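Here's the structure we're looking at; comments come further down.
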Amino acid sequence: MILKARVVVPMDGPPIEHGAVVVDDNAIVAVGKAEEEVRWMDEGEVVELGDVALLPGLINAHCHLDYSTLRYSLSPSKSFASWVKRINAVKRTLTSDDYLDAIARGFRMLEKWGTTSVCNVEAFPELINIMAEPPIRTWWFYEMIDIRHRITTEEVVRGALEFFQSRPHSLSRFGLSPHAPYTASRSLYELANCCAETMQMALTTHVAESREELEMFADQGGPLYDFMHSLGRSMEDCGRQTPFGRLWNSGAVNEEWLLVHMNELEESDFALLAALPPERKPHVVHCPGSHAYFEHSPFPLRRLVELGVNVSLGTDSLASTHTLSLFVEMRRLRAKEPSLTARDVLKMVTLNPARALQRTGRLGTISPGAMADLIAVPIDNGGANVYEQIVDYRRPVPWMMIDGKIHNS
Ligand SMILES: [Zn+2]
């Protein structure tokens with residue numbers, strides 16, 4: 001199949017005016033000028049997409065589809081710990097059917113806004129087995145928490161291993177997600193590393209999300225400290241360390257991990273990042289909408305990028321943001337960081353998350369050998385300022401292809 005578009009935006013090369021992309025089965029086999037590609041391939045269907053920019057499908061590097069029905073249901077709270085208590089109370093009122101409905105709704109929203117891959121942290125992994133094939137490429141990160149009284153670290157890990165015996169869907173990939181340093185023990189992180197290595201899975205965790213998390217680890221106090229203490233968590237690991245420093249220095253996380261948030265960092269954290277060799281710099285996921293909702297400290301994007309950290313974007317869940325559109329997230333970030341170019345911000349939803357997921361050349365790009373995950377965004381003015389036009393696009397994405405299959409809206 002040949003897809004022809006006013007501009008093809010490969011992301012790892014310059015835009016191609018009057019471009020064409022040749023797709024065979026679920027992969028891209030060629031990309032170039034339309035007249036050359038058509039001559040090159042004289043059979044197969046030609047799809048004229050018209051005045052659009054054809055670009056790689058967007059990758060949402062952090063989401064919780066479980067909470068897609070909780071939009072506007074929790075107002076922001078002054079205290080992070082009290083917000084966690086409130087969402088936990090809401091979660092207890094929901095049934096499996098509610099969560100299945102939420103996940104299906106979340107997928108529809110992701111599709112509507114041109115997302116072709118999502119990293120979804122799943123608190124109820126047993127639901128995956130009774131669900132139909134996800135409509136988009138999905139990394140299901142099995143959420144792991146072991147601070148609860150009734151469950152041991154070993155039971156959490158055994159549950160995950162049993163779950164991964166069955167891998168039902170072709171668009172599904174799997175990963176592990178110890179929740180955060182305040183809810184997952186050091187040994188849970190260690191076991192997650194071992195499992196991920198043997199089973200070739202991705203890893204993600206929340207880290208340094210709130211000032212209260214920093215306060216808990218650095219000062220042995222604050223609302224989150226008190227809340228975790230009341231749950232029976234051993235607080236021996238608190239005091240004189242930052243959440244990131246504690247995880248990194250103990251080997252609980254490394255450059256294989258997607259580290260979500262990293263909002264509240266100390267000078268010691270930046271010094272630690274600066275001292276790492278380039279190949280050991282971590283992958284960080286920033287969620288601009290959720291960040292604004294919680295009023296965290298300004299996200300240190302410039303410093304992280306200058307230190308060689310690979311930054312991607314995620315939406316987080318609809319419990320802490322109002323949309324699953326990465327277009328909105330890109331614009332939010334640019335409003336905070338006006339010096340960021342449209343191309344830079346687009347990389348944070350294509351090339352950068354592909355790299356974090358170890359899918360460089362396979363996702364987030366239009367190049368031979370990449371998966372055929374593509375979206376088309378209408379443009380005008382003959383495609384001038386194409387990156388700006390894409391980031392500024394405000395309507396549902398009218399055309400997308402995932403794994404070589406066209407999804408029409
Ligand atoms: Zn999250």
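From a predicted model like this one, the values you see are computed outputs, not experimental measurements. Start at 1 and go down the list; that is how both ligands and their atoms are numbered. Positions are given from 1 along the sequence.
Note on residues 367-377: pairs passing side-chain hydrogen bond (donor to acceptor under 3.5 Å, both in side chains), not counting sequence neighbours, are R137-D373, T365-S367. Note on residues 6-25: no pairs pass ring pair (Phe, Tyr, Trp, His ring centres under 6.0 Å), not counting sequence neighbours.
Between W140 and S172, the closest heavy-atom pair is NE1-OG, 2.9 Å.
Without hydrogens or angle criteria, D146 side chain to T152 main chain gives no donor-acceptor distance under 3.5 Å.
Note on H261: not counted as a metal contact of the Zn ion (ligand 1), no N/O/S atom lying under 2.8 Å. Not one N, O or S atom of C287 sits under 2.8 Å from the Zn ion (ligand 1).
Nearest to the Zn ion (ligand 1), among the N, O or S atoms that H62 has, is NE2.
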